[in-house]
Protein chains: 2
Amino acid sequence: MKSSNVVKVSFKEQMLQAREEAIIRTVNLLLAEKGFEAMTVDEVAASVGIAKASLYKHFPSKEDLAAAAMVSVMRRAQAFIATLPAEVAAVDKLRAVVRWTMEVKLAGEMPSLPSQNSKLRAALIGNRDYMDGLMEVSDALGSWIEAAQAQGAINSSIPAIAILYTVYARACDPVLEFLKMGGQHDDAQIIDLVMSTCFEGLNARPG
Amino acid sequence: MKSSNVVKVSFKEQMLQAREEAIIRTVNLLLAEKGFEAMTVDEVAASVGIAKASLYKHFPSKEDLAAAAMVSVMRRAQAFIATLPAEVAAVDKLRAVVRWTMEVKLAGEMPSLPSQNSKLRAALIGNRDYMDGLMEVSDALGSWIEAAQAQGAINSSIPAIAILYTVYARACDPVLEFLKMGGQHDDAQIIDLVMSTCFEGLNARPG
DNA sequence: GTCTATAATCAGATAGAC
DNA sequence: GTCTATCTGATTATAGAC
């Protein structure tokens, strides 16, 4: 009896977790496609295939849905960062992360949140998982930035924090969508272009 | 009698136009501060000091309000472009426009619109004044970009359209707000930093 | 936990008097 | 054209049965 119960509970929990993951995937896609304000909870419920009330049993508010999606991408970022070999040069790790970020965005999997909404900000700041992930990612990027500056690979006259913000900003760079809408370039070309403007700048190379 | 009427009508029209300009100024500030979705028509009316119904006599929809604000900044851009002397190098004109754009944004006068909202897109595309202004500005910038590339000042391996988008993107660059929130730099320093990352890139200068 | 049905609210837009 | 008052629809969130 006991082992049967244990199995049953575990299975139930697995189902619940799978459903939550399905919800988060849907939220992620909708946030990437239309943004936080335009995404409605009805839409999420319909897309997942469950009732809206059931959704609210899993996540107590729309803001918490968005926060869960952010936690999800933050985990993906941490996982990607963990795959980078230690012997790679700091600047190349930075470049890899910027490239990965833009790939996720072009794949339609980068949630876009308004930076002004205060309720949403509160939900994010109050979410330990999100804040922990953000800190960990920022620590990794920050150490690479400082190393790359010390090695003379990244411009040392720019504060590390400004470099960090510039890296993060690639997650919501409208140039990617504009070039994609233009239809003249495929994703790989777009990424190469923006990588170039980001690291080499708009100026012609001297010499 | 006739001349008196003429004066009266002219005065009335002046008042109307002044009120419309006040509306647009308010919309401009609110759009810059909170974005299109978060800005409410009630807010606009209250801030201008008129009834909401009166607002709708001037502008038939919220989208038209936003479009009017965009027309306003577009005119300001055209005016600024017109002040640049012909003898200035193309790349320096580009730099001047990028700098001006970021100054307007840091001053809280750059309306921020969601690029996804289709109703809003329709209103903008259907607005002849906006489209004309956008075309004129894009033509000016485009010719400077091509000239600067021909002169070896701007990287020729990047398509001109990508350069143009990168310039426009400074109008909604979150790096500016983030650095401003940090409080470690004043507006002039922030602009210099982003000017540097935009044109010189993140890489250290060779040599 | 999941559902149907409903509450509660808010925001865009309008009616009609003046 | 401007106002007060109202309509209409959409959206977040919840009650209560199963």
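Throughout, protein chains are lettered first and strands after them, A, B, ... in sequence-line order, and every chain is numbered starting at 1. Quick note: numbers below take in every heavy atom, side chains included, and nothing from hydrogens, waters or symmetry partners.
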**Q** Is there a side-chain polar atom (N or O) of A:Arg19 under 4.0 Å from OP1 or OP2 of C:dT2?
**A** yes
**Q** Check every strand shown and say whether A:Lys62 touches a base, only sugar-phosphate, or nothing at a heavy-atom separation below 4.0 Å.
**A** sugar-phosphate
**Q** What is the distance from atom CD of B:Gln149 to atom CD1 of B:Ile158, rounded to the nearest 0.5 Å?
**A** 8.0 Å
**Q** In whole Å, what is the span from the CG atom of B:Leu65 to the C1' atom of C:dA13?
**A**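 Distance, rounded to whole Å: 12 Å.
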**Q** With sugar-phosphate meaning primed atoms plus P, OP1 and OP2, does B:Ser54 contact a base, only sugar-phosphate, or nothing at under 4.0 Å between heavy atoms?
**A** base
**Q** A:Thr40 side chain: which of C:dA11, D:dT11, C:dA13 is closest?
**A** D:dT11
**Q** To the nearest Å, how far apart are B:Asp42 CG and C:dC10 P?
**A** 11 Å
**Q** In whole angstrom, give the distance that lies between atom CG of B:Asn117 and atom P of C:dG12.
**A**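 Value for this atom pair: 12 Å.
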**Q** Closest-nucleotide mapping onto DNA chain D: is A:Ala38 or A:Pro60 further toward the 5' terminus? I mean the 5' end.
**A**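 Comparing both residues, the 5'-ward one is A:Ala38.
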**Q** With heavy atoms under 4.0 Å as the rule, sort A:Met39 into base, sugar-phosphate or nothing.
**A**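 Sugar-phosphate only.
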**Q** OH of B:Tyr56 versus C1' of D:dC3: gap in Å, rounded?
**A** 16 Å
**Q** Among C:dG1, C:dA15, D:dT12, which nucleotide has an atom closest to any side-chain atom of B:Ala53?
**A**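 Nucleotide nearest to B:Ala53's side chain: C:dA15.
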**Q** What is the separation between atom CG on B:Leu55 and atom P on D:dT2, rounded to the nearest whole Å?
**A**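 The answer, rounded to whole Å, is 10 Å.
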**Q** Tell me which nucleotide among C:dA13, C:dC3, C:dT2 gets nearest to the side chain of A:Ile50.
**A**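 Between C:dA13, C:dC3, C:dT2, the one nearest the side chain of A:Ile50 would be C:dC3.
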**Q** What is the distance from CZ of A:Phe36 to C1' of D:dT12, rounded to the nearest Å?
**A**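 From A:Phe36 CZ to D:dT12 C1': 10 Å.
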**Q** Assess the side chains of B:Tyr168 and B:Thr101: does a donor N or O sit below 3.5 Å from an acceptor N or O?
**A**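 Judged by distance alone, the side chains do not pair up.
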**Q** Taking NZ from A:Lys52 and C1' from C:dA8, how many angstroms apart are they, rounded to a whole number?
**A** 12 Å
**Q** Whether the B:Ser157 and B:Asn155 side chains hold a donor-acceptor pair (N or O, under 3.5 Å, no angle test) is what I'd like checked.
**A**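 Result is yes, a qualifying pair exists.
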**Q** Need to verify one output field. Residue with the more 5' nearest nucleotide on DNA chain D, A:Lys57 or A:Glu37?
**A** A:Glu37
**Q** Between C:dA13 atom P and B:Phe59 atom CZ, what is the distance in whole Å?
**A** 14 Å
**Q** Can a salt bridge be assigned to the pair A:Arg76 and A:Glu109 using a cut-off of 4.0 Å between side-chain N and carboxylate O?
**A**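 A:Glu109 and A:Arg76: salt-bridged.
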**Q** Inspect the surroundings of CD in A:Gln184 and state if more than 12 heavy atoms from other residues, nucleotides or ligands are less than 6.0 Å away.
**A**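 Count not over threshold, so no.
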